[in-house]
There are 2 protein chains.
Amino acid sequence: MSQDVTRQDQRGNTSVTLKDIAIHAGVSRSTVSLVLRESPLVAERTRLKVQRSIKALGYVYNRGAATLRGSRTSTLGVVVYDIANPFFGAMVAGIDAALNREGYVSFLANSEDSPARQQRFLERMREHSVDGILLCPAEGTDPTLIDTIDNWGMACVQVLRHVAEPPFDYASANFHQGVCQAMDHLVGLGHRRIAFLGGHSEHSATRERWQGYKASLEHHQLTYQRSLRSTVTRCDGIVMIEQLMTESPAPTAVICHNDLVAFGAMLGLKRLGLIPGVDCAVIGTDDVEEASLSDPALTSIATHPYAIGEEAARLALRRIANPEGTREQVVLSPRLQIRNSCGAARPTSNVTLSNHAAGDHG
Amino acid sequence: MSQDVTRQDQRGNTSVTLKDIAIHAGVSRSTVSLVLRESPLVAERTRLKVQRSIKALGYVYNRGAATLRGSRTSTLGVVVYDIANPFFGAMVAGIDAALNREGYVSFLANSEDSPARQQRFLERMREHSVDGILLCPAEGTDPTLIDTIDNWGMACVQVLRHVAEPPFDYASANFHQGVCQAMDHLVGLGHRRIAFLGGHSEHSATRERWQGYKASLEHHQLTYQRSLRSTVTRCDGIVMIEQLMTESPAPTAVICHNDLVAFGAMLGLKRLGLIPGVDCAVIGTDDVEEASLSDPALTSIATHPYAIGEEAARLALRRIANPEGTREQVVLSPRLQIRNSCGAARPTSNVTLSNHAAGDHG
DNA sequence: GCTAACTTTTAGATCAATCTAAAAACAACC
DNA sequence: GGTTGTTTTTAGATTGATCTAAAAGTTAGC
């Protein structure tokens, strides 16, 4: 070959384009493009010839150029509000796995529950023309945001929390049902004074837990009703349990907004000289990996973050493929993971470990 | 305005381009482009006029198109090997914060320590023409990969582990020093038989810990040397400690590859009827949020994942701005976070919580 | 009023793909 | 050989921003 088919960029990288391959294979650019996109129009002989040239020249597909003309970018934006929380780590792993199977890649942003940060990221995503957004809405998100994103031409799946009016695409756990399961368990163990340590923020995931608590109280005809609202860190768990246990009558069991609060509650009980699981039963929510590690091991409402991530990603891909399809809600049922924090069913040493080993994500 | 300046895409979205703005403002496309990029060439009056048109028409910058002609995409690829691990959650939060400040966004992938998955993702990143890569190399990564990425014209910063030959860009914690600090602490408490529960994988982060252990044994002239190599989950911690404690002589203290192994070791001690911190001291590595939560609270070598993430991202941005600059190694010094697992300095109830509250990332 | 030296603006090519509509190649049939 | 009907291939327009090189507009100096 005497012709020079490649060029160099400012850093000395050779850049092979469709045109170079077309010349090398002796066909037109159009044909090469068809081969790349696996069009059935191309004759077998031609396809093989072109594929050989692609290999020979070390061609790299340029998605930037393709995006300009085409309509898809094979990219998604993902917004979470606390990536440092192990729950979201598992969820992102699930998203990653589902997207990877379909050749998609995702931008990730951590809103830190700030609507302003969230907005900045979404606008950047728009400039990058992502095909869709997985949005765990920051607290205080304007409900019209979902419509706005839709008007931008991007599929939007709300995850864990929802702020818009139905119908919308949504993937989450059934928090209402989860709290009811925990209540049933406690009532079954003989508890009659069950308190709820919940979040104070105004969004769906908090609301659903409250509703579950109230509905279950009614269902079991319990008259003791006590709940505290606060932020949801370990410290808050300590503060809340210390307040509750000095009341009279004190609760005999608490259900917590998440595992962090539950860990705090157990620490708080110990500080008061009380034994978690004996003097007061404790149930958490999420079943993070660390739940099996506390002392006593924490009974928790398993919300399956990895599975939620997978479902959310798959729903987004469905919506991208069919933008006008009917909106879907994928709401997974939680499962109560029973351990020792509601009265020792088993001694500490028999803590279930195998289903929480690192790398075990279904 | 009688002219129709907008068009609609297949979903009914209006798409405003430079040309539309140029017409609206009565200038050329070139001028609008200069205004967008804040060029000092444009006269003040013109700039204001154009900016008004941009606002009026609701223009959205199209990065896909800009990328085609320009050289930067303002995107980065991030590869970690276990996003479900809280350590990486915190690290990714640090990366996100540093990139956000500079208008960058990042693609995230979870290699699950599979070089094949890692390779697939990197090739996708190449198609998307990211400006750089933050790579926590999967175990078994070919050392030439770093050069390959460099030849692709992308900045590559290795994070936590390094596989290439120097010089390279690298951000991590000083694991050698961290282990030495832990050893000093234990020796200061009177321990003479200190074992090491380490990783079996062959990469730099594991090697450096071993070297720290050996160097410190020599420095303190300790003759007892005992170490186990294994994978690094909680279960492995249990298995390893159970083996060690049945030996004679048994160690009086262990230093663990990470906090998960340390948690496992403490659980294992309890199973044997031994008390962690009394019958055997335990030190972990990383100081994840959960370290303050265990019983006893875990003394741990704090490796500051959030800060490592920030530093790695900033280093990548420096390298993108100056591709031919000299390679840098940013190696942060760890700090030994002393709690109760090496003999109770304080009662459990005084566990330090404030510096581990959610959202507190320096 | 003319030239020189700036400052500001612009036309048109370019980047690397996709898409449309038409041309070319080939086969089958009368 | 010409017509019809497929199957393949292709030229050229298009996408939206950037870049280059030149044109147009200003100002200053003599």
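In what follows, every chain begins at residue 1, and chains take the letters A, B, ... in the order their sequences are listed. All heavy atoms count here, side chains included; hydrogens, waters and symmetry mates do not.
Rounding to whole angstrom units, CG of residue B:Leu18 and P of C:dG12 are separated by 17 Å. One can place CG of A:Leu68 at 14 Å from P of C:dC15, the figure rounded to the nearest angstrom. Straight-line distance from the CD atom of B:Glu38 to the C1' atom of D:dT18: 16 Å, rounded to whole Å. Atom pair A:Glu127:CD and D:dA17:P shows a separation of 11 Å (rounding to whole Å applied). Straight-line distance from the CD1 atom of B:Ile21 to the P atom of C:dT9: 16 Å, rounded to whole Å. Computed from coordinates, the B:Lys49 NZ to C:dT8 P distance equals 14 Å when rounded to whole Å. Rounded to whole angstrom, the span from the NZ atom of A:Lys19 across to the C1' atom of D:dA13 amounts to 16 Å. The interatomic distance linking B:Asn62 (CG) with C:dC15 (C1') rounds to 13 Å, in whole Å.
For D:dT15, its base never sits under 3.5 Å from the side chain of A:Arg69 at any donor and acceptor pair.
The cationic group of A:Arg117 does not satisfy the cation-pi geometry with A:Tyr81, failing either the under 6.0 Å distance to the six-membered ring centre or the 45° limit from the ring axis.
For the side chain to side chain donor-acceptor pair (under 3.5 Å) criterion with A:Asp169, the lone passing option out of A:Arg319, A:Arg318, A:Gln329, A:His162 is A:Arg319.
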(message) Using salt bridge (charged side-chain N to carboxylate O under 4.0 Å, His left out), reason through B:Asp96 and B:Arg101 one step at a time and then give a plain yes or no.
(response) CA-CA 9 Å; B:Asp96 184 76; B:Arg101 288 193 283 273; over 6 Å; no

(message) Test side chain to side chain donor-acceptor pair (under 3.5 Å) on B:Arg126 and A:Asn62; report intermediate values, then the result.
(response) CA-CA 8 Å; B:Arg126 195 182 177 199; A:Asn62 182 329; over 6 Å; no

(request) Given side chain to side chain donor-acceptor pair (under 3.5 Å), test A:Arg29 with A:Ser33 step by step and report yes or no. (result) CA-CA 6 Å; A:Arg29 267 162 37 249; A:Ser33 177; over 6 Å; no

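With salt bridges taken as basic N to acidic carboxylate O contacts below 4.0 Å, none links A:Glu328 and A:Arg314.
For C:dT18, one of the phosphate oxygens OP1 or OP2 lies less than 4.0 angstrom from a side-chain nitrogen or oxygen of A:Ser33. Note on A:Arg37: a side-chain N or O is less than 4.0 Å away from OP1 or OP2 of C:dT18.
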Where do N or O atoms of nucleotides 8-10 of chain D meet protein N or O atoms at under 3.5 Å, pair by pair?
residue, atom, partner, partner atom, Å
D:dT9, OP1, A:Thr46, OG1, 2.3
D:dT9, OP2, A:Ala43, N, 3.1
D:dT10, OP2, A:Ser28, N, 2.9
D:dT10, OP2, A:Ser28, OG, 3.2
D:dT10, OP2, A:Thr31, OG1, 2.7

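Taking all atoms of both residues into account, the shortest heavy-atom contact from B:Thr75 to B:Ser129 is OG1-O, 4.3 Å.
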